J.: 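Below you will find the structure I want to go over with you.
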Amino acid sequence: MTQKEISITYREYGNISELGPEDRLLAEAAIEATDRSYSPYSKFRVGAAVRLSGGKIVCGSNQENIAYPSGLCAERTAMFYAGAAFPDTCMEAIAIAAVQNGELCSTPASPCGACRQVMAEYQTKTKKAMRIILVGAAKILVFDKVDDLLPFIFDSLK
Ligand code: THU
């Protein structure tokens, strides 16, 4: 038996203004996208913004449904929109923000497992790392690739 260890590296920023201009713009777009959330059940407003190669930004927000499983997270709404409208363009980065009780959450919302799996798929499809930016009021976390949030990505099907 060999015991092994994996480690991930990510960066923590205290404020959106500490980000580079492209990532700052993306973070702002994610915050703005929370305004378009349809979340009458959870009242948890999530916004996601995807930057495509070439710089175009595509946004999504969580869309809920009275039949709960029929709703969709902000991240997948944004990525599926990008994948459907711009199928040949790589998704370079995704920023995620959440608002509760009218305030940007202090601790950033972390994407659910299903959203991480979808991020992994698009990263594999384009063979280019997708940066993930989790935007909170008190801190911003930046991961350079999906593998950092989803180690041991399923890739056995050849
Ligand atoms: N939600 C997202 O949109 N993204 C996340 O990363 C976590 C959760 C949504 C799903 C649901 O509409 C609400 O937030 C509460 O779970």
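Owing to the predicted nature of the structure, the values given are computational and were not obtained by experimental measurement. In each ligand, atom 1 is the first atom listed, and ligand 1 is the first ligand listed.
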J.: What do you reckon, does A74 have a nitrogen or oxygen under 3.5 Å from a nitrogen or oxygen of ligand 1?
T.: yes

J.: Looking at E64, which atoms of ligand 1 are within less than 4.0 Å of one of its heavy atoms?
T.: 11 (C), 12 (O), 13 (C)

J.: Would you mind listing which atoms of ligand 1 come within a distance below 4.0 Å of any non-hydrogen atom of F44?
T.: 14 (O)

J.: Quick one: nearest non-hydrogen protein atom to atom 10 (C) of ligand 1, plus distance?
T.: C73 SG, 4.1 Å

J.: Can you find a pair of side-chain heavy atoms, one from E32 and one from C59, that are under 4.5 Å apart?
T.: no

J.: Under 4.5 Å between any side-chain heavy atoms of E75 and I96, yes or no?
T.: yes

J.: Using protein heavy atoms only, decide if any is under 4.0 Å from atom 5 (C) of ligand 1.
T.: yes

J.: Is there a side-chain contact between T77 and S61 (heavy atoms, below 4.5 Å)?
T.: no

J.: Got P111 and R76 here, is their nearest side-chain heavy-atom distance under 4.5 Å?
T.: no

J.: Find out if a path of hydrophobic residues (ILVMFWY) with successive side-chain heavy-atom gaps under 4.5 Å connects L134 to L19.
T.: no

J.: Does any part of the side chain of T124, heavy atoms only, come nearer than 4.5 Å to the side chain of D155, both counted from C-beta?
T.: no

J.: How close does the nearest protein non-hydrogen atom get to atom 9 (C) of ligand 1, and which residue and atom is it?
T.: N62 ND2, 3.6 Å

J.: Atoms of ligand 1 less than 4.0 Å from E75 heavy atoms?
T.: 2 (C), 3 (O), 4 (N), 5 (C), 6 (O)

J.: If the cut-off is 4.0 Å to any non-hydrogen atom of S110, which atoms of ligand 1 fall inside it?
T.: 6 (O)

J.: At a 4.0 Å threshold, what atoms of ligand 1 neighbour a non-hydrogen atom of P111?
T.: 6 (O)

J.: With a cut-off of 4.0 Å, which atoms of ligand 1 are near a heavy atom of V46?
T.: 1 (N), 2 (C), 3 (O), 4 (N), 9 (C), 14 (O)

J.: Does any part of the side chain of M91, heavy atoms only, come nearer than 4.5 Å to the side chain of L52, both counted from C-beta?
T.: yes

J.: Tell me if a side-chain donor or acceptor on E18 pairs with a main-chain N or O of Y13 at a distance below 3.5 Å.
T.: no

J.: Please compare S42, G60, G71 and report which has the shortest non-hydrogen distance to atom 15 (C) of ligand 1.
T.: S42

J.: What do you think, any protein heavy atom under 4.0 angstrom from atom 1 (N) of ligand 1?
T.: yes

